[in-house]
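I have placed the structure first, in the form of structure tokens, so that the comments after it can refer back to it.
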2 protein chains.
Amino acid sequence: MSEQAEQHQGQSAGRDEEAVSRFVERFAAELTEAGMQRMASRVFAALLASDSGTLTSAELAEQLQISPAAVSGAVRYLVQVNMVRREREPGTRRDRYRLYNELWYETLGNREKVLTRWEEVLREGAKTLGPDTPAGARVAETVEFFEFMQGELDVLLERWREHRAQRLAEES
Amino acid sequence: MSEQAEQHQGQSAGRDEEAVSRFVERFAAELTEAGMQRMASRVFAALLASDSGTLTSAELAEQLQISPAAVSGAVRYLVQVNMVRREREPGTRRDRYRLYNELWYETLGNREKVLTRWEEVLREGAKTLGPDTPAGARVAETVEFFEFMQGELDVLLERWREHRAQRLAEES
DNA sequence: CGCTGCTTTCACAAATTTGTGAAGTTAAGA
DNA sequence: TCTTAACTTCACAAATTTGTGAAAGCAGCG
């Protein structure tokens, strides 16, 4: 791929696209192993490795060697789970897909919704098993653990932001 | 199923096995959605809902309506990821499978190994992208986030144990 | 208003994953 | 050592998931 084409995609000139691609695929594989759909993982990893944090459908299809249909499916999923958002490129009929949050990892905290659902199921289960049974007690304790975690995770994120702000201040 | 049979499985007499089964399946479905193999999820959920925290292969096969082969596969996985351990029942040729830790949710912290692998991949990626590029900076920051989290999660677990101990003390 | 090009949807084929039956292996007990 | 119960492995069939090409849908622009 020519440097001009790279510029076109908003990447640094002359970066080693082959090495970048290896990284994209390696990280995507990790995401996939963690339970994310394969194409969604690859699309997300590609966005993460792009300078602008944004790519068009065509660029994704070309870079990942997949059909527009596959891009569409992956993006639908990523938008739904709030990892990517869709932007219309003004003056064209082309969409751009962007990392939902530059601080994308904060999204991992959005697991909240998952945790909440788990809590509901477990709370109901504890009731079914009965608080006076070993199994019921075990499940009830699990619920408390999740409640505790839910609260603490927010605190933790706040601490991270401080930590990060401090680091940025030191740098300058 | 007769109460005698239930006793045989170490469950409370007279618990509503049908409702328990619904709970097992519901929670298993959550685990599956979160990326765990289906049979592994079901086996784990069944153990979680058992009073003794331990079941034999035959009991699992019967309760979940699956073949011994399926139990074997599920257990192999669960043992590997340290959620279940295998025990030989002395004086018989029957294995028992037990929740690895009564405080099973602590295992969620064992995600450490996963986080560490992610960190490696991302660190390498940051190098490839170059620290002076937006993409490289983004990935490098992700690495720092994981490093931070790794450390804080231990602290958090410790706080939970305190929290829990205190609650137990209040109860008595 | 209709053409044009980008995106999505749909039906299907390919690939992968899952669970089973049956054979194989291991170890307890006679 | 032999028998046999229990678990594991293996090869395969079934089910599910995945990605594609082709057609349909939409939105910009003339």
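To find a chain, count down the sequence lines: A is the first, B the second, and so on, and within it residues start at 1.
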Result block: side-chain N/O donor-acceptor pairs under 3.5 angstrom for residues 22-29 of chain A, not counting sequence neighbours:
| unit_1 | atom_1 | unit_2 | atom_2 | d |
| --- | --- | --- | --- | --- |
| Glu25(A) | OE1 | Arg42(A) | NE | 3.2 |
| Glu25(A) | OE2 | Arg42(A) | NE | 3.2 |
| Glu25(A) | OE2 | Arg42(A) | NH2 | 3.0 |

Report all side-chain donor-acceptor pairs from residues 84-91 of chain B shorter than 3.5 Å, counting only partners two or more places apart or in another chain.
| unit_1 | atom_1 | unit_2 | atom_2 | d |
| --- | --- | --- | --- | --- |
| Arg85(B) | NE | Tyr100(B) | O | 3.3 |
| Glu87(B) | OE1 | Arg98(B) | NE | 3.3 |
| Glu87(B) | OE1 | Arg98(B) | NH2 | 3.4 |
| Glu87(B) | OE2 | Arg98(B) | NE | 2.6 |
| Arg88(B) | NE | Asp95(B) | OD1 | 2.8 |
| Arg88(B) | NH2 | Asp95(B) | OD1 | 3.1 |
| Glu89(B) | OE2 | Arg96(B) | NH1 | 2.5 |

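Salt-bridge check for Arg164(A) with Glu144(B): failed, with every basic side-chain N at 4.0 Å or more from each acidic carboxylate O.
Summarising the geometry, the separation between CD on Glu59(A) and P on dC6(C) is reported as 12 Å, rounded to the nearest angstrom. When rounded to the nearest whole Å, the span between CZ of Arg94(A) and C1' of dT7(C) equals 12 Å. Remark: P of dC6(C) and OH of Tyr97(A) are 12 Å apart, rounded to the nearest angstrom.
Residue Arg42(B) is classed as having no contact, given no heavy-atom separation below 4.0 Å to the nucleic acid.
Looking at Arg138(A), its side chain never comes within 3.5 Å of a backbone N or O of Ala126(A) through a donor-acceptor pair. Arg15(B) places no side-chain N or O within 3.5 Å of a backbone atom of Leu129(A) that could act as its donor or acceptor partner.
Nucleotides of DNA chain D that come within less than 4.0 Å of any heavy atom of chain B span, from the 5' end to the 3' end, dT4(D) to dT9(D).
Under the 30°/60° scheme for interplanar angles, the aromatic rings of Phe146(B) and Trp104(A) are found to stand perpendicular.
Comparing dC10(C), dG21(C), dT7(C) by their nearest atom to the side chain of Ala69(A) picks out dC10(C).
Taking a 4.0 Å limit (strictly below) on heavy-atom distances, residues 70-80 of chain A reaches DNA chain C at Ser72(A), Arg76(A).
Inter-residue side-chain proximity for Tyr97(B) and Glu59(B) is flagged as unmet; no heavy-atom pair is nearer than 4.5 Å.
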(request) Show the numbers, then the answer: is there a side-chain hydrogen bond (donor to acceptor under 3.5 Å, both in side chains) between Gln150(A) and Thr116(A)? (result) CA-CA 8 Å; Gln150(A) 194 102 309; Thr116(A) 303; 3.1 Å; yes

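By the side chain to side chain donor-acceptor pair (under 3.5 Å) test, Arg117(A) is found to be paired with Glu30(B), residues two or more places apart in sequence or in another chain being considered.
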Do any N or O atoms of the protein come closer than 3.5 Å to N or O atoms of nucleotides 27-30 of chain C, and which pairs are they?
| unit_1 | atom_1 | unit_2 | atom_2 | d |
| --- | --- | --- | --- | --- |
| dG29(C) | OP1 | Gly91(B) | O | 2.5 |

